[in-house]
Each structure stands twice: as C-alpha cells, then as structure tokens.
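Quick notes on the structure that follows.
A, B, ... follow the sequence lines: proteins, then strands. Residue 1 opens every chain.
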2 protein chains.
Amino acid sequence: MIFSKACEYGIKATVFIAQKSLNNERCNLTDISDEIDSPKAFTAKILQKLVKAGIVNSSKGKLGGFGINMKDSKKIKLIDVITAIDGNMIEKTCVLGLKKCSEDHPCPVHNQFKFIKKDLLKMVHKTTLSDMSKSVDIGLSCLKI
Amino acid sequence: MIFSKACEYGIKATVFIAQKSLNNERCNLTDISDEIDSPKAFTAKILQKLVKAGIVNSSKGKLGGFGINMKDSKKIKLIDVITAIDGNMIEKTCVLGLKKCSEDHPCPVHNQFKFIKKDLLKMVHKTTLSDMSKSVDIGLSCLKI
DNA sequence: TTAAATTAGGATAAAATTATCCGATTTATT
DNA sequence: AATAAATCGGATAATTTTATCCTAATTTAA
Ligand code: SF4
Ligand code: SF4
C-alpha cells in the first residue's frame, strides 16, 4: 500500500546505509538484507538502482560495499529514494486513477483526498535521510520486526 | 498507488450504480464497464464481491442488473467498499511494512506518517456513497477519462 | 600471483494481480 | 415452450511484481 515492496526495501536499505555511514562504516549486501530483513538478491537489484541514481555509492572487491556521503544524507530527501525506485507516480497518480486529473476534472473523492496527498508530498519532500538515520541510530526507530 | 486496480474499479462501479439508483435506474455490467472504463469480465468479478458483501444487490435474467438501495447509500462508507475488495489492509499495513508496528516500535517515518494515515482513515470512514454519487450526478465530478 | 570477497548484470523462476473465456443458471418476453 | 438477456462461477491466460540463480568483473590481502 502506497509504496511497492521494492520501494519499502529501498527506503530501509538507504536508511541503514546512512546510519552506518554516520559512524564511518561501510556495509555490504549481507549486512543490509540481514538488518532490514529483505531478500538478498532482490535487494541487490534495488541497490543497483540507488547507485545509478547517485543516492548511494558502491565499491567492489574485498572491503567493498555501500555507503552514503555524510554531507549528502542531509540533502537527500525521502522523495529522492522513492523516485529512484518507483518513478514519479507518487506525484501524478492518485486514488481512482483517472487518466486526466485536475481541479476541473475531479474524481468523486478528489476534494477529500487532495489535502491528504498534499500532506504526503510535503512530508516526503521534507524528511531527509539524515533525519531518518539519526532516529534509527539513537534507538528511536527500527528497520525490522 | 494506495488502492489496487480492483479496488479502484470497485469504487467507481459502486458510485456509478448509486448514481443510477438515485434516479431509480438499474444498470447492467455493460453499462457499468462502459461508464467507468474498466475491463468487463474483471469488473464482473469485482461486482460479485460487492454483492456478497451486501453493498450492491443484483438480479439475473432480462431486466436484471445491479442496484443500490437509496437508504443504504447514505449509510455505506468508502471504507466499506475498500474493505469488501482489498480487505482491511488499509487499516493495518503501513508505509514501510514492518511486521510489528506501534508507538513504541516505530519505523523511521512513523511519526511523520501517522497523521497522514489518521486523516486518510478519517476520510474513508466519513465519505458516503451518497456523497460521491450525488457529486457525480450534478456534474461536479467524473468517473472516467 | 593466487585466493577470497565483493558488486554488477543478465537470465530465469515464482507469485500475485489483472484480465479473459465459457458454460450454467435465472428471468422476462414472445 | 422457446428465446434472449442477464448474473454467477470456475478455469485459464496474460501481465506485472517479486525473487532467485549464475557468471563476470573488481579489489584486497595473503
Ligand atoms: S483525487 Fe484528484 S488527482 Fe487523484 S485521481 Fe481523483 S481527480 Fe485525479
Ligand atoms: S509508519 Fe508506523 S505503523 Fe506504519 S510501518 Fe512505520 S512504524 Fe509501522
């Protein structure tokens, strides 16, 4: 609901990598899928997308793994991760999925729903990777179970 | 996003049937899938669910079709239609899909998201079939294109 | 230089969702 | 009674999403 499974994993993975990067630790695929409780091979595919989108960096070989630039994690917003994986459908698609959606061509729930959508978009544009990873780091929130 | 395709069709179909019932007209499958622009056979399956859930009534044979009791349409809420088709996942599942979700076991976006979820639930519990169908009936909203 | 550990990427499989098909049943009309 | 129009319901197909497998390429360390 709202996000695809791939996107859920992507968000959790990104937050976990960012959290590790807080303490200058790199992490590998096994760490990640263990910590966020996700299928390993599938998570690998998602990480590739995030690397291509420039959200996380990766390195091969022994001591390789994934990381996120500390400076970046303050600039990267939740919406960036979502867009990298699910595309921009969160911006354009909506409850009843009309082809054409606007104020003068609304579906029967548009006026009720538009405020919720606005809040949702505001939230994902505001929340940073840094916010989320710090919250996990100090034990205020969890990534699995 | 948010609702499955089946649920989108279900909501639109229900609203259309309710609108027709406003003018004491019954409608058949062909009318419905034409008016909401949905695949006919798939829509038939969804209508069966709605009939079983007691949201719409159906009759077979010539002059058969679907209808909604006028009195009912004031009592039937959007949440009832959603639950009939998608089950109650809208109530229990959430953005990052943790297995256990609560105030003392939150994911990193729980505190931002909980208000949005609350608003969404409030909305679907408040909005009636009558509200939606009247809005379509007087041309304030549309079910396709 | 060899071995081990890692990401990258293509091919494929499994599962879930969406969609179609067809025969059975019901009902009104002729 | 026959016919036509409608829903019902089971079987199946197509598509999309989720998940796995395997090989290649890269990098470190022994
Ligand atoms: S709520 Fe508004 S934007 Fe969303 S589908 Fe309905 S008309 Fe379109
Ligand atoms: S937002 Fe709250 S309820 Fe939803 S997955 Fe996160 S912790 Fe669970």
Side-chain angles (χ1 to χ4, degrees), chain A residues 1-14 16-17 20 25-34 36-68 82 84-87 89-90 93 96-97, chain B residues 1-14 16-17 20 25-34 36-68 82 84-87 89-90 93 96-97:
Chain A
M1 183 227 181
I2 292 198
F3 301 138
S4 67
K5 224 77 188 115
C7 195
E8 286 182 15
Y9 298 150
I11 294 169
K12 287 191 263 194
T14 312
F16 176 68
I17 298 168
K20 281 294 175 192
E25 292 177 44
R26 256 183 125 56
C27 46
N28 62 30
L29 179 57
T30 307
D31 297 337
I32 296 170
S33 68
D34 279 356
I36 73 176
D37 199 26
S38 67
K40 207 166 159 180
F42 191 41
T43 308
K45 298 295 185 194
I46 295 163
L47 286 166
Q48 285 182 38
K49 277 193 180 184
L50 292 168
V51 168
K52 276 181 184 150
I55 291 172
V56 318
N57 61 68
S58 70
S59 50
K60 287 183 176 181
K62 242 177 172 169
L63 303 194
F66 302 90
I68 290 176
I82 294 165
I85 295 164
D86 276 356
M89 68 173 187
I90 191 180
T93 80
L96 296 195
Chain B
M1 180 227 180
I2 292 197
F3 301 138
S4 67
K5 224 77 187 111
C7 195
E8 285 183 15
Y9 297 150
I11 294 168
K12 288 193 262 195
T14 313
F16 176 68
I17 298 168
K20 281 295 176 191
E25 291 178 45
R26 258 186 123 57
C27 47
N28 63 31
L29 178 57
T30 307
D31 298 337
I32 296 169
S33 66
D34 279 356
I36 72 174
D37 199 23
S38 68
K40 207 165 158 178
F42 190 42
T43 308
K45 296 295 184 194
I46 296 162
L47 285 166
Q48 283 182 36
K49 277 193 179 180
L50 292 168
V51 168
K52 275 181 187 151
I55 292 173
V56 318
N57 60 67
S58 70
S59 50
K60 286 184 176 179
K62 244 177 174 170
L63 303 195
F66 301 90
I68 290 175
I82 294 165
I85 296 164
D86 276 355
M89 68 173 185
I90 191 181
T93 82
L96 297 195

From [atom1] of [X] over to [atom2] of [N], roughly how many Å is that when rounded to an integer?
X       : N      : atom1 : atom2 : value
B:Asp31 : D:dA5  : CG    : C1'   : 13 Å
B:Leu63 : D:dA6  : CG    : C1'   : 9 Å
A:Ile46 : D:dT18 : CD1   : P     : 8 Å
B:Asn57 : D:dC8  : CG    : C1'   : 15 Å
B:Ile32 : D:dA6  : CD1   : C1'   : 12 Å
B:Lys49 : D:dG9  : NZ    : P     : 14 Å
B:Phe66 : D:dA5  : CZ    : P     : 17 Å
A:Phe42 : D:dT18 : CZ    : P     : 5 Å

Completion exercise
Sequence neighbours excluded, the answer for side-chain contact (heavy atoms from CB on, under 4.5 Å) partners of B:Asp37 is A:Lys99, B:Lys144
Practice task
Under the side-chain contact (heavy atoms from CB on, under 4.5 Å) rule, collect the residues that match up with B:Ala53, sequence neighbours excluded.
Solution key: B:Ile55, B:Ala84
Practice task
Name the closest nucleotide to the B:Lys45 side chain, picking from D:dT18, D:dA11, D:dA29.
Solution key: D:dA11
Fill in the blank from the handout: Quick note, A:Ala41 side chain, CB onward, closest among D:dA5, D:dT20, D:dT7 is D:dT20
Handout entry: Verdict with supporting geometry, A:Lys5 and A:Tyr9, side chain to side chain contact (heavy atoms under 4.5 Å, CB included)
Key = CA-CA 6 Å; A:Lys5 224 77 188 115; A:Tyr9 298 150; 3.7 Å; yes
Exercise for the section: Would you check if A:Ile17 and A:Leu50 make a side-chain contact, meaning some heavy-atom pair closer than 4.5 Å? Expected result: no
Exercise for the section: Using only heavy-atom distances, determine whether the side chains of A:Thr43 and A:Ser33 contain a donor-acceptor pair under 3.5 Å. Expected result: no
Problem - A:Tyr9 side chain near D:dA19 phosphate (N/O to OP1/OP2, under 4.0 Å) - result: yes
Exercise for the section: Please state whether the phosphate of D:dT7, meaning OP1 or OP2, lies under 4.0 angstrom from any side-chain nitrogen or oxygen of B:Gln48. Expected result: no
Problem - B:Phe66 and B:Asp31: CA distance, side-chain angles, deciding distance, side chain to side chain contact (heavy atoms under 4.5 Å, CB included) verdict - result: CA-CA 10 Å; B:Phe66 301 90; B:Asp31 298 337; over 6 Å; no
Problem - A:Arg26 vs A:Asn57, side chain to side chain contact (heavy atoms under 4.5 Å, CB included): CA-CA, chis, key distance, verdict - result: CA-CA 10 Å; A:Arg26 256 183 125 56; A:Asn57 61 68; 2.9 Å; yes
Problem - Interface limits on DNA chain C, where chain A has a heavy atom under 4.0 Å of a nucleotide atom - result: C:dA5 to C:dA11
Answer with base, sugar-phosphate or nothing: what part of the nucleic acid does [X] contact at a heavy-atom distance below 4.0 Å?
X       : answer
B:Thr30 : nothing
A:Leu47 : nothing
A:Lys52 : sugar-phosphate

Problem - 5'-most by nearest nucleotide on DNA chain D - A:Ser4 or A:Lys60 - result: A:Ser4
